[in-house]
Asks: 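Next up is a structure, given as structure tokens.
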Amino acid sequence: MNKHLLSAADLTRDDAVAILDTAVELARVSDRTVKKLPTLRGRTVVNLFFEDSTRTRISFEAAAKRLSADVITFSAKGSSVSKGESLKDTALTLEAMGADAIVVRHGASGAPHRLAHSGWIDGVVVNAGDGTHEHPTQALLDAYTLRHHLSSDEGALDGRHVVIVGDVLHSRVARSNVLLLHTLGARVTLVAPPTLMPVGVESWPCGISYDLDAALPGADAVMMLRVQAERMNAAYFPSANEYSRRYGLDVRRSDLLADGGIVMHPGPMNRGMEITAEVADGPRSVIVEQVTNGVHVRMAVLYRLLGAADVIGEAS
Amino acid sequence: MTTVLRNVRPYGEDAVDITMRDGLISAIEPAGTQPAAEGIDGRGLVLLPGFVDLHTHLREPGREDAETIATGTAAAALGGFTAVHAMANTNPVADTAGVVEQVWRRGIEAGHCDVHPVGAVTVGLQGERLAELGAMADSAARVRIFSDDGVCVSDPVLMRRALEYVKAFDGVIAQHAQDPRLTEGAQMNESELSGVLGLRGWPAVAEEAIIARDLLLAQHVGSRVHICHLSTRGSVEIVRWAKERGVEVTAEVTPHHLILTEELARTYDPRYKVNPPLRTADDVEAVREGLEDGTIDVVATDHAPHAREDKDCEWAAGAFGLLGLETAFSVVFETMVATGRLDWRQLADRMSERPARIGRVIDQGRPVAVGEPASLVVVDPHATWTVDPSRSASRSANTPFLSREMRGAVVHTLLRGRPTVIDGSLAP
């Protein structure tokens with residue numbers, strides 16, 4: 001495995017399966033009364049959040065704490081970051097504090113790559129979402145969730161069909177999922193209005209459609225991306241209503257999925273925009289479960305990147 | 001004052017000894033005529049007219065931490081330039097006779113090469129009303145090139161008026177062709193790669209649409225127009241089409257667009273962030289073809305120094321621009337001369353004669369001949385060297401060629417008979 005986790009493309013099929021398998025084992029630990037493992041005792045994990053993201057930050061914090069790491073969290077608000085301190089100076093500060101791993105969320109695409117390769121720091125860098133580039137741990141938790149429902153916790157996702165719908169252009173979740181799900185053997189179809197598809201998307205390892213009703217029948221899962229209503233001001237689509245009609249997921253559309261097909265969303269949802277409340281809270285929805293799985297997957301990532309010895313069994 | 005340059009090959013042809021007196025070439029004799037103890041030894045190297053850069057950012061006044069007129073022109077001399085055109089996007093903007101005269105005078109004081117200020121087209125580069133173009137033209141700096149470089153004159157009416165107005169004093173508008181709406185927040189060439197990297201795209205059409213519009217405008221009002229740093233295949237084709245129709249257009253390409261591609265954005269290192277962005281390998285081939293067949297008239301560096309902190313950061317926060325003066329000749333040599341696409345006379349045409357003509361600089365870009373100004377450069381086509389910012393005269397270090405081995409080197413530069421660079425170092 002690479003030293004850092006910057007892109008879902010960094011993961012081979014074996015790497016990805018190993019992380020998912022580790023996450024399954026760690027999830028079993030979480031069912032115990034004492035949830036904590038001593039694995040990362042004495043190691044320092046820094047959560048460096050230049051962008052607000054309560055759910056991702058809490059998920060990483062919980063993951064590191066359950067592995068007994070010392071956890072330091074920097075958030076943009078109320079820290080030197082909001083006073084204009086540069087990425088470099090923040091990184092040097094963290095390095096001086098002896099961070100073993102830096103989990104970074106940043107509004108600029110490639111910021112984690114810069115942290116990892118600029119020579120500013122020695123620690124492991126985990127991308128917790130960078131600009132409109134990638135969000136590899138989100139893809140891992142999505143793969144974990146898919147595997148749990150579609151492949152009973154082992155192997156990969158060969159032959160499964162996943163439809164990803166929405167603002168692909170600005171979505172780091174879509175980029176990482178296309179890469180990872182392809183690596184794991186799944187077939188992915190991206191659905192969006194042409195204005196929200198990136199230039200060159202035809203070369204990505206996935207199918208492309210502008211028609212949600214045509215893409216959904218028989219799919220094993222549909223993943224709805226958050227669409228910001230402001231996008232209509234930049235002429236990406238005419239109105240929120242038109243977007244919902246053409247690309248929103250309602251009960252009629254979710255029933256086009258295969259039997260047992262699931263509905264996913266990385267959150268936070270715009271209920272009534274890309275997904276109706278009936279579907280979000282309905283029987284096919286695994287949206288809350290995705291959040292839970294996020295902690296297990298992030299534990300697995302930290303566990304494997306920090307080269308922890310095989311001590312999962314120790315606490316039992 | 002008399003200076004002798006022995007054993008040099010003008011345009012790579014037969015070796016001669018050159019005698020210079022009072023800034024002019026006073027004699028050209030067969031090599032070996034002058035005593036071996038006299039003057040500068042040219043070692044049989046290639047002699048060319050001194051290079052003229054149409055597009056240089058000297059940063060003074062305003063950003064003297066990144067470059068000054070003295071350091072920028074020293075870098076120019078090391079790169080074989082005997083004249084540079086200083087872009088107007090300083091602080092204050094070079095939009096009045098006072099600022100352009102100050103820049104011009106500081107250039108004379110520094111003495112490394114001639115500095116011809118470029119005047120802003122619009123007040124403060126704001127694109128709202130014309131700057132006092134006539135006052136700048138009539139000033140001691142004799143401005144002939146006007147540009148809002150860094151910003152496009154996107155208002156078609158304003159562009160039309162500017163094109164018309166400068167005819168009164170034989171000026172030219174140098175357009176930074178970039179549709180502002182199509183490039184809001186743009187970070188790199190829009191392509192398959194920008195989609196993968198999640199960096200906002202700067203599409204070729206944003207350059208090509210402005211160029212097409214301006215060529216039609218220039219044709220309509222009968223003005224000449226100059227296109228700055230053209231970077232795409234489409235732009236080359238549009239300029240070629242316009243030249244065939246007799247439009248009085250000239251165009252420049254930067255050294256970096258002749259050799260580097262967008263692939264460098266994969267590093268997310270803002271060292272490679274520049275405007276217009278690095279394009280595809282196909283675009284690189286197209287601008288080489290354009291420079292070869294003369295569709296593109298000149299190589300211009302777009303030398304753009306930036307303070308270290310403006311590049312030592314994440315890509316989106318990084319400044320656009322990179323250094324070019326000291327590496328320009330080597331890049332053009334490697335891509336165009338060593339490949340057989342241009343001979344030495346054509347290199348002199350693209351880097352000295354045509355730029356001087358476009359800028360209406362009468363004493364530069366002249367033939368190597370008796371009675372002509374002795375502003376000259378001696379280059380070694382066989383030398384190789386490694387780019388090392390600590391050896392650069394620039395105050396900044398943002399070269400995209402860091403640690404790269406370059407082919408071809410500037411050995412001596414002479415400004416009106418006076419050496420400014422000897423053996424690759426600034427003359428004392």
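Lettering follows sequence order; numbering is per chain, from 1. Bear in mind the structure is a predicted one, so any value in this text is a computation, not a measurement.
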Asks: Among A:Ser203, A:Ser7, A:Gly131, which residue has the highest count of heavy-atom pairs closer than 4.5 Å to chain B?
Replies: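 Option with the top pair count is A:Ser203.
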Asks: Surrounding CZ of A:Arg231 (heavy atoms of other residues, nucleotides or ligands, distance under 6.0 Å), is the total greater than 12?
Replies: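 Correct, the count exceeds 12.
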Asks: Kindly say whether B:Cys313 contributes a backbone atom to a donor-acceptor pair with the side chain of A:Arg114 at under 3.5 angstrom?
Replies: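 Answer holds: yes.
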Asks: State whether the side chain of A:Arg172 and the backbone N or O of B:Gly198 hold a donor-acceptor pair below 3.5 Å, judged by distance alone.
Replies: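 Flag not set: sc A:Arg172 to bb B:Gly198 has no pair under 3.5 Å.
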Asks: Around atom CZ of A:Arg246, are there more than 12 heavy atoms from other residues, nucleotides or ligands closer than 6.0 Å?
Replies: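 12 or below, so no.
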Asks: How close do A:Leu87 and B:Glu314 get, counting heavy atoms only, and between which atoms?
Replies: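 That closest heavy-atom pairing would be CB-OE1, 3.2 Å.
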Asks: How close do A:Thr132 and B:Leu199 get, heavy atom to heavy atom, and via which atoms?
Replies: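 Smallest interatomic distance, heavy atoms only, reads OG1-N, 4.5 Å.
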Asks: Identify which part of B:Arg200 has an atom lying under 4.5 Å from any heavy atom of chain A, answering side chain, backbone, both or neither.
Replies: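 Neither part.
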Asks: Of all the heavy-atom pairs spanning B:Leu197 and A:Ser109, show the shortest one and how long it is.
Replies: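 Shortest heavy-atom separation between B:Leu197 and A:Ser109 comes out as O-CB, 3.6 Å.
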Asks: Check B:Gly195 against A:Pro198 and note the closest heavy-atom contact, atom names and distance.
Replies: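 Here B:Gly195 and A:Pro198 meet closest at CA-CB, 4.2 Å.
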Asks: When you look at CZ of B:Arg404, are more than 12 heavy atoms from neighbouring residues, nucleotides or ligands closer to it than 6.0 Å?
Replies: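 Above 12, so yes.
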Asks: Working to the nearest 0.5 Å, report the span between CG of B:Asp312 and OG of A:Ser118.
Replies: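 If I round to the nearest 0.5 Å, the distance is 7.5 Å.
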Asks: Answer yes or no: does atom CZ of A:Arg13 have more than 12 heavy-atom neighbours from other residues, nucleotides or ligands under 6.0 Å?
Replies: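 It does: A:Arg13 CZ has more than 12 such atoms within range.
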Asks: Test your reading of the model: is there a side-chain donor-acceptor pair from A:His117 to the backbone of B:Thr267, 3.5 Å cut-off?
Replies: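 Absent.
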Asks: Verify the ring-centre separation between B:Tyr268 and A:His133: is it less than 6.0 angstrom?
Replies: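 Yes, the ring centres sit under 6.0 Å apart.
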Asks: Less than 4.5 Å to any heavy atom of chain B: does that hold for the side chain of A:His170, its backbone, both, or neither?
Replies: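 For A:His170, there is no contact with chain B at all, as no heavy atom is under 4.5 Å.
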